[in-house]
Amino acid sequence: MAAARVSVQTDDFDLSSEVARLRAQDGQIGAVVSFVGTVREWLPADGTARSPDTCLELEHYPGMTESAIEAMIDEAQRRFDLRGVRVIHRVGCLAVGEQIVLVVTASSHRGQAFDACEFLMDWLKTQAPFWKKEISATGSRWVEAKVSDDEALARWGALP
C-alpha cells in the first residue's frame, strides 16, 4: 500500500525517513529532490529585539487544506513525469529554527523532480489554505502575502 501523499500535522518530520519511504515504493526512481522550510527569525512589529518566547502559529482548515494540496500534487503529476510525491506541512506554534514544510518529489530524471518540487512550493506558499501569525511577548500579527511569492507562482500559470 502506498504511503499518504499529504500530511498536515503538529509533529515534526524526519527527512531521511520520508525520502527512504518514498524511494522504497518504486525501483524506477532515479532522482529525489527535497525542500525543507524552517521558521526564520523576525523582528516584532514594534522593532524591539525578539524575545525567546516567540513563535509562528500556523492554522488551517482540516479537510479543505489536505484536499487543496492533493489537487496541487495531481497537477504536478500531470505536468511532470513524477514517480512519487510527499508533502508534510506542520501546524501549531513553531519556534524559530523548527521545520514547517517538507516537499519531496521523485522522478526517473532530475529535471522533472527539481521542477516539480519548485512548482509545488510556489503553489503551497501562495495557495494552500494556511494562516500564519507571528506571536511575541509584545503581541501578535498576521503574516501578509508577499508580491514576490505571487510573482513566483505566476510563471506556472493557473491550475485547471
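Since this is a predicted model, take the numbers as computed values, not measurements. Reckoned from all heavy atoms, side chains included, excluding hydrogens, waters and symmetry mates.
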Nearest non-hydrogen partners of Phe35 and Cys117, listed with the distance = CB-SG, 3.8 Å
Taking side chain as C-beta onward, heavy atoms only, is [X] less than 4.5 Å from [Y]?
X      : Y      : value
Leu22  : Val19  : no
Ile88  : Glu18  : yes
Phe130 : Val8   : yes
Val143 : Glu134 : yes
Val101 : Val36  : no
Asp122 : Lys125 : no
Ile73  : Val6   : yes
Leu124 : Met72  : yes

ask   = Is it true that atom NZ of Lys133 has more than 12 heavy atoms of other residues, nucleotides or ligands lying nearer than 6.0 Å?
value = yes
ask   = Considering residues, nucleotides and ligands other than Phe114, do more than 12 of their heavy atoms fall under 6.0 Å from its CZ?
value =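 Open.
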ask   = Are Val91 and Thr10 close enough, and set up right, to give a side chain to side chain contact (heavy atoms under 4.5 Å, CB included), and what steps lead you there?
value = CA-CA 5 Å; Val91 293; Thr10 56; 4.1 Å; yes
query = Among side-chain atoms of Arg86 and Ser7, is any donor-acceptor pair under 3.5 angstrom?
reply =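 There is such a pair between these side chains.
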How many angstroms lie between [atom1] in [X] and [atom2] in [Y], if you round to the nearest 0.5 Å?
X      : Y      : atom1 : atom2 : answer
Arg40  : Leu56  : CZ    : CG    : 9.0 Å
Leu102 : Ile100 : CG    : CD1   : 12.5 Å
Met121 : Leu153 : CE    : CG    : 11.5 Å
Gln99  : Asp14  : CD    : CG    : 8.0 Å
Leu58  : Leu94  : CG    : CG    : 5.5 Å
Leu82  : Phe119 : CG    : CZ    : 10.0 Å

query = Can you tell me if Arg83 uses its side chain to pair, donor with acceptor, with the backbone of Arg23 under 3.5 Å?
reply =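 The answer is no, because no donor-acceptor pair under 3.5 Å joins these two groups.
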task = For Arg5 and Val87, indicate whether the former's side chain and the latter's backbone hold a donor-acceptor pair under 3.5 Å.
result = no
inquiry  = Any carboxylate oxygen within less than 4.0 angstrom of a Lys/Arg side-chain nitrogen, looking at Glu57 and Lys132?
reply    =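 No.
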request  = Please name all residues satisfying side-chain hydrogen bond (donor to acceptor under 3.5 Å, both in side chains) with Trp131, sequence neighbours left out, ordered by chain then number.
outcome  =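 For Trp131, no residue satisfies side-chain hydrogen bond (donor to acceptor under 3.5 Å, both in side chains) once neighbours in sequence are set aside.
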inquiry  = Does Phe13 form a side chain to side chain contact (heavy atoms under 4.5 Å, CB included) with Arg90? I'd like the steps, not just the answer.
reply    = CA-CA 9 Å; Phe13 53 83; Arg90 294 183 63 203; 4.1 Å; yes
key: Ile135/Thr54 under side chain to side chain contact (heavy atoms under 4.5 Å, CB included): CA gap, chis, key distance, verdict   = CA-CA 5 Å; Ile135 301 173; Thr54 61; over 6 Å; no
request  = Could you list all the side-chain hydrogen bond (donor to acceptor under 3.5 Å, both in side chains) pairs where at least one residue sits in residues 103-119, not counting sequence neighbours?
outcome  = Glu118-Arg155
inquiry  = Do Val104 and Leu120 sit in one hydrophobic cluster, given that two such residues count as connected whenever their side-chain heavy atoms are within less than 4.5 Å of each other, even indirectly?
reply    =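 No, separate clusters.
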message = Would Arg79 and Trp156 count as a side chain to side chain contact (heavy atoms under 4.5 Å, CB included) here? Give the steps.
response = CA-CA 10 Å; Arg79 292 182 185 208; Trp156 301 109; 3.8 Å; yes
